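Report on the following structure.
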Amino acid sequence: MRQNLVLMTDSYKFTHWRQYPPGTQKVYSYIESRGGMFEDLVFFGLQYYLKRYVAGSVFTVEDVEEADQFCRQHFGFEGYFNREGWLELHRSWEGKLPLEIKAVPEGTVVPVSNVMMTVENTDPRFPWLTNYLETLLLKVWYPITVATLSREIKKVFLSHLERTGDPTLIGFKLHDFGYRGVSSEETAAVGAAAHLVNFQGTDTVAGIRLLQEYYGVKGMPGFSVPAAEHSTITAWGREHERDAYANMLQQFPQGTLACVSDSYDVFNACEHIWGEELRSQVLSRDGVLVIRPDSGDPKTIVVSVLEILGRKFGFETNAKGYKVLNPKVRIIQGDGVNYWTIQDVLTAATRAGWAADNIAFGMGGALLQQLNRDTQKFAFKCSEVTISGEDREVYKEPVTDRGKGQKRGRLALVRRDHHFKTITIEAGKSVPGGLLQTVFLNGEIRREQTLEDIRRRAELPVSEPANR
Ligand code: AOY
């Protein structure tokens, strides 16, 4: 399917140019989250969508003609699609889009119910262009929601590390296992990139490539290690589980190595194979063996495996009074992992006296796919129009759902001490210290963000480990 920006919108938007009042010169719209699962959002992903779809010369006369044909068949009538308008737009701007997009810098943590970005047309002949782009631009809901969820899990994990162990371990405690469980390669790339705002562990290669291509990343923003899957263990046959594990140790003699260990009996594997038959090889190995249980109730299995590994490989008690396994062995739980089960597992481990240091999680579908636009109630709404030179605040305020009431006029995001506030800009005034910056103007990217800056803005305070 050939990409055609003119067709990248909802069908009804083709017809909206006929619906604005006569004399409409400007449509000004904004994006906000109206609440949902979390209170603070990490703004992320707009730069990808702008560079990929919106910046530069992004449509041709051929695209307009194709859209015109499409709409004629789709609606069964001529003249619903704004052929003359799009052709005039192309003549005037050579395929570039006369829009101004302002946004908070990526990585900024913004409370819900605040403006995060605004869109307006800059050429009064094309006021219909602003909301034509809603369908494309509102997709930022997805990377924002993934980055937000990933950061909330980081908060949970950090609180456990602070109580029971070493908070500086946080960067590799939530590994992205989600590549296979998403609906498209683009979803994988965008979602995995969003996770890497907060963490450094990922198996979703597409996210790294997106950051390298769209966020100017020169080095390596995400890391992984050799790890077994069931096929590489079961291919040896049930009688040769030990040989499969021994081969892992032999093939990867250094560094961190992960091995799924529940192919037949995870308790037997930990107790007798890892803990007895291969124990000396594990202890003499130059690196950490990470055992991955992959079935059963996560909190029960993780605590049981910790107990077995503690008996077989030993542990120390840290300065906070929690048990830390022999440094040659750790656990990664990758089955049934979501925002809630991570807390269940960490709470169960804490109760049993185990530091969070011992545990990492692999999270797949629940990180990248089990989210929707309503997880944080995202909306793109018009708050001002200019009609025949007169600026008018516009809003809806349905009696049937007051929660859908809207902001009015031109909006600014300001920070007073530590809280954010959205204010309406008074006519003709500017807002000093406003946080929305022009990132796109008339076809050009005006400001770029680096992953380094994005990560720093979204950072959480990490305390130093206590000395024992
Ligand atoms: N990867 C840490 C490195 C990755 C994976 C990917 C689905 C890894 C497993 C592991 O330790 O066990 C996609 C399931 C697992």
Side-chain angles (χ1 to χ4, degrees), residues 146 149-150 153-154 157 169-185 187-196 198-210 220-236 241 244-245 247-249 251-264 266 269-270 273-274 278 282 285-296 298 301-302 305-306 309 325 327-338 341-342 345-346 356-370:
V146 174
L149 170 63
S150 161
I153 294 171
K154 192 175 183 179
F157 216 124
L169 299 173
I170 190 65
F172 292 94
K173 288 301 189 186
L174 187 65
H175 199 96
D176 179 354
F177 280 14
Y179 206 172
R180 68 191 59 185
V182 289
S183 55
S184 70
E185 284 291 325
T187 303
V190 173
H195 172 66
L196 289 172
N198 305 297
F199 288 94
Q200 290 178 264
T202 189
D203 265 27
T204 306
V205 172
I208 294 169
R209 291 171 52 80
L210 183 146
M220 180 47 73
F223 300 90
S224 192
V225 298
E229 66 172 21
H230 288 101
S231 80
T232 68
I233 305 301
T234 58
W236 293 71
E241 186 181 10
Y245 297 164
N247 178 68
M248 290 292 289
L249 299 176
Q251 295 291 327
F252 305 101
Q254 294 183 333
T256 303
L257 167 65
C259 197
V260 68
S261 302
D262 75 325
S263 293
Y264 310 105
V266 70
C270 294
I273 306 180
W274 294 121
L278 300 174
V282 172
R285 193 174 166 276
D286 180 18
V288 186
L289 170 68
V290 183
I291 293 178
R292 174 155 75 95
D294 196 41
S295 46
I301 301 288
V302 167
V305 169
L306 283 168
L309 297 177
L325 283 172
K328 300 285 180 174
V329 287
R330 291 290 181 265
I331 299 185
I332 186 165
Q333 173 68 31
D335 176 55
V337 172
N338 62 42
T341 55
I342 284 172
V345 170
L346 290 176
D357 304 23
N358 298 297
I359 309 168
F361 292 94
M363 187 165 166
L367 179 63
L368 299 187
Q369 187 72 28
Q370 202 175 292

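All values derive from a computational prediction rather than experimental measurement. Both counts, for ligands and for their atoms, begin at 1 and track the order of listing.
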Worksheet entry | Backbone of Gln254 reached by a side-chain donor or acceptor of Arg285 within 3.5 Å | yes
Worksheet item: Which class fits the ring pair Phe177 and His175: parallel under 30°, tilted 30 to 60°, perpendicular over 60°?
Response: perpendicular
Worksheet, complete the sentence: What one should report as the nearest heavy-atom pair of Leu196 and Gly222 is CD2-CA, 4.0 Å
Fill in: Value rounded to 0.5 Å, distance of CG in Asp357 from CG in Leu169
5.0 Å
Item to complete: Considering only non-hydrogen protein atoms, determine which one is nearest to atom 1 (N) of ligand 1 and report residue, atom name and distance to 0.1 Å.
Response: Asp203 OD2, 2.9 Å
Discussion item. Below 4.0 Å from ligand 1: does a non-hydrogen atom of Gly334 turn up there or not?
Written reply: no
Item to complete: Please write down residue, atom name and distance for the protein heavy atom closest to atom 14 (C) of ligand 1.
Response: Phe177 CD2, 3.4 Å
Discussion item. Applying a heavy-atom cut-off of 4.0 Å, say which part of Glu229 lies close to ligand 1: side chain, backbone, both or neither.
Written reply: neither
Fill in: N or O pair under 3.5 Å between Arg292 and ligand 1
yes
Discussion item. So is Arg180 touching ligand 1 or not, going by heavy atoms under 4.0 Å?
Written reply: yes
Worksheet entry | Residue-ligand contact Val290/ligand 1, heavy atom below 4.0 Å | no
Worksheet, complete the sentence: Numbered in order shown, the ligand 1 atoms found under 4.0 Å of a heavy atom of Ala258 are 10 (C), 11 (O), 12 (O)
Discussion item. Quick test: of every protein heavy atom, which one is nearest to atom 2 (C) of ligand 1, and how far off is it to 0.1 Å?
Written reply: Val225 CG2, 3.8 Å
Worksheet entry | Residue pair Ile233 / Ser263: nearest heavy atoms and the distance that separates them | CG2-OG, 3.8 Å
Practice prompt. Check whether any side-chain heavy atom of His230 sits under 4.5 Å from a side-chain heavy atom of Asp294, and report yes or no.
Written response: yes
Worksheet item: When the ring planes of Trp274 and Tyr245 are compared, do they come out parallel, tilted or perpendicular, using 30° and 60° as the limits?
Response: parallel
